[in-house]
Amino acid sequence: MLLKENHPLRLRQIEDEALYQATNHLLKLASSPEGSGNYSLLTSELKYLHEKKTAVMLQKIPQIVNDEFRQGNIKSKKAIFTIGMAHLYEIITSLNEKRIKIHAPLWASNGSGITRPN
């Protein structure tokens, strides 16, 4: 936001809204009575969602930059990607390994927001 205030920059949100909402819901669940006793499962699913959010952002960036360039909104195929510090580890790891890895949660979600084995 400081860059935007001091320089004429185009900003574009690239975080996936559905993943953001799912993570937010899980964080609320973790602090509720329904989430008590499921700490390791909730933590596992939160880690999975965080890795997935980071992966989706990394995958979206090239296309967004290309689209903005083709539309004439930017003069070169270069962009500044600003991120929250929480994503930094996954991004650096992905760049170093030249691939994106997402670790599956302990168990798949059953749709209720609480992660449990089948």
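By the salt bridge (Lys or Arg N to Asp or Glu O under 4.0 Å) test, Lys53 is found to be paired with Glu15, residues two or more places apart in sequence or in another chain being considered. Ala30 pairs by the side chain to side chain contact (heavy atoms under 4.5 Å, CB included) definition with Leu42, not counting sequence neighbours. Partners of Glu97 according to the side-chain hydrogen bond (donor to acceptor under 3.5 Å, both in side chains) rule, which considers only residues two or more places apart in sequence or in another chain, are Lys101. Applying the side-chain hydrogen bond (donor to acceptor under 3.5 Å, both in side chains) test to Glu17 and every residue at least two apart in sequence or in another chain returns Gln21. Residues satisfying the side-chain hydrogen bond (donor to acceptor under 3.5 Å, both in side chains) test with His103, not counting sequence neighbours, are Glu51. Scanning for side-chain hydrogen bond (donor to acceptor under 3.5 Å, both in side chains) contacts around Ser94 gives an empty result, with sequence neighbours left out.
To the nearest 0.5 Å, atoms CG (Leu27) and CG (Leu46) are separated by 5.0 Å. One finds the CD atom of Glu45 at 10.5 Å from the OG1 atom of Thr43 (value rounded to the nearest 0.5 Å). Rounding to the nearest 0.5 Å places CD1 of Ile100 at 7.0 Å from CD1 of Ile102. We find the CG-CG distance between Leu41 and Leu106 to be 5.5 Å, quoted to the nearest 0.5 Å. Separating the CG atom in Leu19 from the NE2 atom in His50 is a distance of 12.0 Å, to the nearest 0.5 Å. Residue Leu58 holds its CG atom at 14.0 Å from CZ of Arg99, rounded to the nearest 0.5 Å.
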Can I get a per-line list of side-chain donor-acceptor pairs under 3.5 Å for residues 68-89, giving both atom names and the distance, sequence neighbours left out?
unit_1: Glu68; atom_1: OE1; unit_2: Arg10; atom_2: NE; d: 3.0
unit_1: Glu68; atom_1: OE1; unit_2: Arg10; atom_2: NH2; d: 3.2
unit_1: Glu68; atom_1: OE1; unit_2: Asn73; atom_2: ND2; d: 2.9
unit_1: Glu68; atom_1: OE2; unit_2: Arg12; atom_2: NH1; d: 2.8
unit_1: Arg70; atom_1: NH2; unit_2: Asp67; atom_2: OD1; d: 2.5
unit_1: Gln71; atom_1: OE1; unit_2: Asn73; atom_2: ND2; d: 3.1
unit_1: His87; atom_1: ND1; unit_2: Thr54; atom_2: OG1; d: 2.6

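In this structure, Leu29 is not a member of the same hydrophobic cluster as Tyr20, with clusters built from ILVMFWY side-chain heavy atoms closer than 4.5 Å. Residues Ile61 and Ile92 are members of one and the same hydrophobic cluster, defined by side-chain heavy-atom contacts under 4.5 angstrom among Ile, Leu, Val, Met, Phe, Trp and Tyr.
Scanning all heavy atoms of the two residues, the minimum distance from Ser32 to Glu34 falls at OG-OE1, 3.0 Å. The minimum heavy-atom distance between Ser44 and Pro105, with the atom names listed, is OG-CA, 3.1 Å.
For Lys28, the NZ atom is loosely surrounded, since the number of other residues' heavy atoms within 6.0 Å does not exceed 12.
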